[in-house]
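All residue numbers refer to positions in the sequence shown, counting from 1.
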Amino acid sequence: MFQKKDANKLLEYLTSFVFMGVGLFVFLEGRTFRGNDKYFPMIVGTLTFLVALWVFLEDSKQEKSCFDVKKVNFLAVGVTCAALFIYVFLFKEIGFILSTTLLGISILVGMRFQNKLGIVLYPIIMVAVIFVIFKVLLKVPLPTILFYK
């Protein structure tokens with residue numbers, strides 16, 4: 001049906017469309033949050049959608065595919081997609097800090113990251129940096145159970 005080259009290109013396009021859908025979903029779900037809590041997920045959703053659109057436009061300019069279907073770790077992709085889906089719903093319930101830390105840990109485990117300390121430490125550092133940038137420096141309200149005003 002598809003030649004190897006065509007399947008790779010089709011997968012590139014499909015990936016872009018999936019992430020556009022995820023960005024749109026996060027944006028729309030974020031709009032349902034109370035008060036100022038909605039702005040952070042709306043920003044993340046918009047940025048996800050725009051980056052996916054940009055990647056799609058760049059991929060459509062190139063005739064050759066950027067990756068080979070044979071080398072894709074579909075288990076890691078599936079775990080990441082499942083973790084993102086669950087994250088969207090947990091974000092509102094348990095807040096930014098805990099849900100984003102759990103997302104980072106689950107993605108690193110799904111990608112079979114070997115450093116056990118890093119599996120826990122890297123998401124915590126990432127969440128702390130994002131928290132300081134958005135909540136402290138930019139004063140963007142984040143849905144958090146702790147530190148909620």
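Two residues are said to be in side-chain contact when any heavy atoms from C-beta on lie closer than 4.5 Å; Phe49 and Phe27 fail this criterion. Between Leu84 and Leu103, the closest side-chain pair of non-hydrogen atoms falls below 4.5 Å.
Minimum heavy-atom separation, Gly30 to Lys38: O-CB, 2.9 Å. The heavy-atom pair separating Ser16 from Val55 by the smallest distance is OG-CG1, 3.8 Å. Tyr87 and Thr100 get closest at one heavy-atom pair: OH-OG1, 2.8 Å. For Leu117 against Asn115, the heavy-atom pair with the smallest separation is N-OD1, 3.1 Å. Closest heavy-atom contact between Gly118 and Pro123: O-CD, 3.6 Å. Looking at every heavy atom in both residues, Ile94 comes nearest to Leu102 through CD1-CD1, 4.1 Å.
Hydrophobic clustering of Ile, Leu, Val, Met, Phe, Trp and Tyr side chains at less than 4.5 Å, counting indirect connections, keeps Tyr13 apart from Leu11. By the rule that hydrophobic residues join a cluster once side-chain heavy atoms approach within less than 4.5 Å of another member, Met42 and Leu24 end up as members of one cluster. Under the 4.5 Å side-chain heavy-atom criterion for Ile, Leu, Val, Met, Phe, Trp and Tyr, Phe33 and Tyr39 are members of distinct hydrophobic clusters. At a threshold of 4.5 Å between side-chain heavy atoms, the hydrophobic network of Ile, Leu, Val, Met, Phe, Trp and Tyr places Phe85 and Val26 in one connected group. Residues Val44 and Ile107 share a hydrophobic cluster, clusters being chains of Ile/Leu/Val/Met/Phe/Trp/Tyr side chains in contact below 4.5 Å.
Taken from NZ in Lys116 to CG in Leu121, the straight-line distance is 15.0 Å, to the nearest 0.5 Å. To the nearest 0.5 Å, atoms CZ (Phe131) and CD1 (Ile97) are separated by 4.5 Å. Taking CD1 from Ile86 and OG from Ser99, the interatomic distance works out to 12.0 Å, rounded to the nearest 0.5 Å. For the atom pair Leu108 CG and Gln114 CD, the distance stands at 11.5 Å (nearest 0.5 Å). Atom-to-atom distance recorded for Leu53:CG and Glu58:CD is 10.5 Å, nearest 0.5 angstrom.
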Test side chain to side chain contact (heavy atoms under 4.5 Å, CB included) applied to Phe96 and Ile130, step by step: CA-CA 10 Å; Phe96 167 76; Ile130 292 171; 3.4 Å; yes
Would you sort out whether Leu75 and Arg112 count as a side chain to side chain contact (heavy atoms under 4.5 Å, CB included), showing the intermediate values? CA-CA 10 Å; Leu75 177 63; Arg112 297 186 182 123; 3.1 Å; yes
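The neighbour count for Phe19 CZ, taken as heavy atoms of other residues, nucleotides or ligands under 6.0 Å away, does not exceed 12.
Not one N or O on the side chain of Lys9 forms a donor-acceptor pair closer than 3.5 Å with the backbone of Ser60.
Ring centroids of Phe134 and Phe40 are separated by less than 6.0 Å, placing the two rings close together.
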